Amino acid sequence: MTDPEESLCPDCGDTGWAVVEAGGRRLARRCACHGAKRAAALLDRARIPRRYRTCTLANFEVHNESHRDALKIAGQFIKNYPVQDVGLLFLGPCGVGKTHLAVAILRELLAAKNVRCLFTDFRDLIRDIQNTYTPDSAVSESDILAPVFECRVLVLDELGAKRPSPWVEETVFYIINHRYNQRKLTIFTSNYPDTDEDEDKRQPMFKKSGFAPKDDSLVDRIGVRLRSRIYEMCKVVEMTGPDYRKIAKQASYRF
Ligand SMILES: [Zn+2]
């Protein structure tokens, strides 16, 4: 179990304080490893998935006007925090960089302003909440929800990617509404297009699977009530373009 990254710091033994000799006296000084470890700990606590950990505003690729606008808004959000009083809803197809920008905001807030942030995938959150309803679950709903309630800035990635059951939908609304009432900021990303329809066309037990989900709008996936709450608490940032991740990946395959 010896991970070189986890071995003790030779200068401070991981206390964060190094003893130095100055003018014949021994003094404790902040060790050079302290800042890096603190930053790593904050990143761990924010639960940013490994594949997104290198996402920054600086390495975000601008391919069109919508990207330029989105990047500008992301930069403004970081600059304004904590005066910033609305969250963001990044809307657009797969691979246009919505999650990249959402993560870049978290990372810069962590690094520059020490803000307590959390990244959550919508599907994982729903699954985790649903799992707590099983009788032998070792974790309670409040174990799952506490960090989601407490963080100052939350990223909820892939909104609508999974249809919650009616009672889980109630919990999701409760989470979002609680954050809204506490004036805590939430950044959403979603692949589902938004339409001007305010009608919730879902059947009471939801459409049977087999329907092409690509025809769904955001309202179809999360309902009118949650969608309208999210619109009250977020600026909508629409991003367009082809799937740049796919293009980059295909270009890297050589035959
Ligand atoms: Zn050290």
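Values in this document were obtained by computation on a predicted structure and should not be read as measured data. Just follow the structure's listing: the first ligand is 1, and inside any ligand the first atom is 1.
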[X]/[Y] ion pair, N-O < 4.0 Å:
{"X": "Asp157", "Y": "Arg123", "result": "no"}
{"X": "Glu158", "Y": "Lys98", "result": "no"}
{"X": "Lys72", "Y": "Asp69", "result": "no"}
{"X": "Arg163", "Y": "Asp216", "result": "yes"}

Exercise. Under 30°, 30 to 60°, or over 60°: which ring-plane class applies to His178 and Tyr174, parallel, tilted or perpendicular?
Worked result: tilted
Side-chain donor-acceptor pairs of residues 40-50 under 3.5 Å, sequence neighbours excluded:
{"from": "Asp44", "atom 1": "OD1", "to": "Arg53", "atom 2": "NH1", "distance (Å)": "3.4"}
{"from": "Asp44", "atom 1": "OD1", "to": "Arg53", "atom 2": "NH2", "distance (Å)": "3.0"}

Exercise. Which protein N, O or S atoms lie under 2.8 Å from the Zn ion (ligand 1)?
Worked result: Cys9 SG, Cys12 SG, Cys31 SG, Cys33 SG
